[in-house]
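Just follow the structure's listing: the first ligand is 1, and inside any ligand the first atom is 1.
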Amino acid sequence: MTKLGRQLGIGPTDNTSDQRTPRKRLRLIPAAARESFVPYLPARVLSRQNEWDMTRISPDLTRADGIPIEVTGTVRTESGRPLRNTLLEIWNANHYGRYRHVEDHSGLKLDDRFLGMGRVLTDDDGNYRFWTISPGAYLARPDIGRWRPKHIHLSVSGGSARLVTQMYFPDEPNNATDPMAILMGDAFERNIGKPYDTPGIDVEKGFRFNIVVGGRNATFFE
Ligand SMILES: [Fe+2]
């Protein structure tokens with residue numbers, strides 16, 4: 001197959017990145033078209049109470065298996081301006097490395113007390129916070145024995161734009177061989193949550209993950 005004008009390198013063992021990589025140079029849709037064709041619904045009407053705490057399905061139920069953690073951060077523009085009322089959608093595998101999803105054929109254990117999805121909004125200063133269960137790593141490619149290190153998927157929506165990224169964890173054995181981490185190169189460091197202690201709140205550990213949606217120091221988006 002001829003590969004004209006490829007924009008991205010391809011991870012060495014990712015057999016889907018080839019199909020997902022644009023074959024032609026991307027062109028920006030004119031601003032007038034972006035604004036006129038996209039329905040705009042304020043993000044605050046979408047999220048419900050308690051979605052910030054993914055460690056339990058509802059406040060009256062017991063917690064899911066595994067280690068409860070907090071993730072906090074600030075969402076900013078390229079120039080450092082905080083983005084308020086920005087919708088973050090979060091999903092991660094359960095303690096055993098299993099997603100509650102029809103396409104997860106791993107056979108790993110499902111946890112009835114873990115949904116694995118949540119939504120939060122940034123506040124007036126661009127800050128967000130949620131709790132979840134520390135995800136298990138999972139064997140993404142049994143055919144070649146390739147694991148995905150622990151990670152949390154995050155989607156950031158504002159206006160008509162949606163960006164999707166992943167937060168990694170420090171010092172994980174499979175970070176170095178992860179195809180997405182390899183694509184990120186030096187920028188990988190920015191996609192690793194920075195650990196902090198959480199005295200006085202009901203989680204074991206916190207991770208700081210600041211998101212920048214553009215510019216030289218942007219978070220790596222898929
Ligand atoms: Fe994943």
Side-chain angles (χ1 to χ4, degrees), residues 8-21 51-55 57 64-73 75 87-120 128 130-157 162-185 187-195 205-211 213 218-222:
L8 297 168
I10 291 169
T13 60
D14 185 346
N15 64 349
T16 63
S17 61
D18 185 61
Q19 297 134 48
R20 290 188 280 117
T21 305
E51 283 195 68
W52 69 276
D53 182 4
M54 295 161 60
T55 68
I57 287 175
D65 292 344
I67 301 164
I69 58 170
E70 175 174 88
V71 179
T72 58
V75 182
L87 176 70
L88 264 64
E89 295 164 277
I90 307 127
W91 63 102
N92 67 260
N94 70 18
H95 173 62
Y96 307 102
R98 171 84 186 258
Y99 287 100
R100 185 175 292 280
H101 192 283
V102 289
E103 291 295 323
D104 188 329
H105 304 298
S106 65
L108 295 169
K109 186 175 170 181
L110 273 171
D111 182 349
D112 287 342
R113 292 172 299 171
F114 188 68
L115 187 62
M117 290 170 259
R119 295 182 290 188
V120 295
Y128 73 87
F130 64 89
W131 288 0
T132 188
I133 295 293
S134 183
Y138 57 83
L139 187 59
R141 289 282 308 279
D143 53 325
I144 56 170
R146 197 194 79 212
W147 287 74
R148 292 256 22 234
K150 290 168 57 158
H151 61 277
I152 297 175
H153 298 266
L154 297 108
S155 154
V156 183
S157 300
R162 186 185 193 197
L163 298 164
V164 179
T165 187
Q166 296 177 31
M167 187 197 91
Y168 289 74
F169 291 79
D171 307 318
E172 287 295 316
N174 301 303
N175 279 353
T177 53
D178 185 68
M180 195 168 141
I182 292 168
L183 282 179
M184 291 186 216
F188 180 56
E189 194 60 31
R190 297 200 288 268
N191 279 61
I192 299 177
K194 307 293 179 291
K205 197 87 192 165
F207 294 89
R208 185 89 190 150
F209 183 50
N210 293 324
I211 295 172
V213 299
T219 304
F220 187 98
F221 293 101
E222 299 173 27

Open item on the list: If the cut-off is 2.8 Å, does any N/O/S atom of Tyr138 fall short of it from the Fe ion (ligand 1)?
Closed with: yes

Say whether Tyr168 and Asp178, considering side chains only, have a donor N or O and an acceptor N or O under 3.5 Å apart. yes

The residue among Ile90, Val75, Val164, Leu163 that forms side chain to side chain contact (heavy atoms under 4.5 Å, CB included) with Leu154 is Ile90

Only one of Asn94, Thr55, Asn92 passes side-chain hydrogen bond (donor to acceptor under 3.5 Å, both in side chains) with Thr132, and that residue is Asn92

inquiry  = Using 2.8 Å as the threshold, say whether any N, O or S atom from Tyr99 sits that close to the Fe ion (ligand 1).
reply    = yes

Quick one: does any side-chain atom of Asp104 pair with a main-chain N or O of Arg98 as donor and acceptor, under 3.5 Å?
no

Taking the Fe ion (ligand 1) as the apex, His153 NE2 and His151 NE2 span an angle, rounded to 10°, of 90°

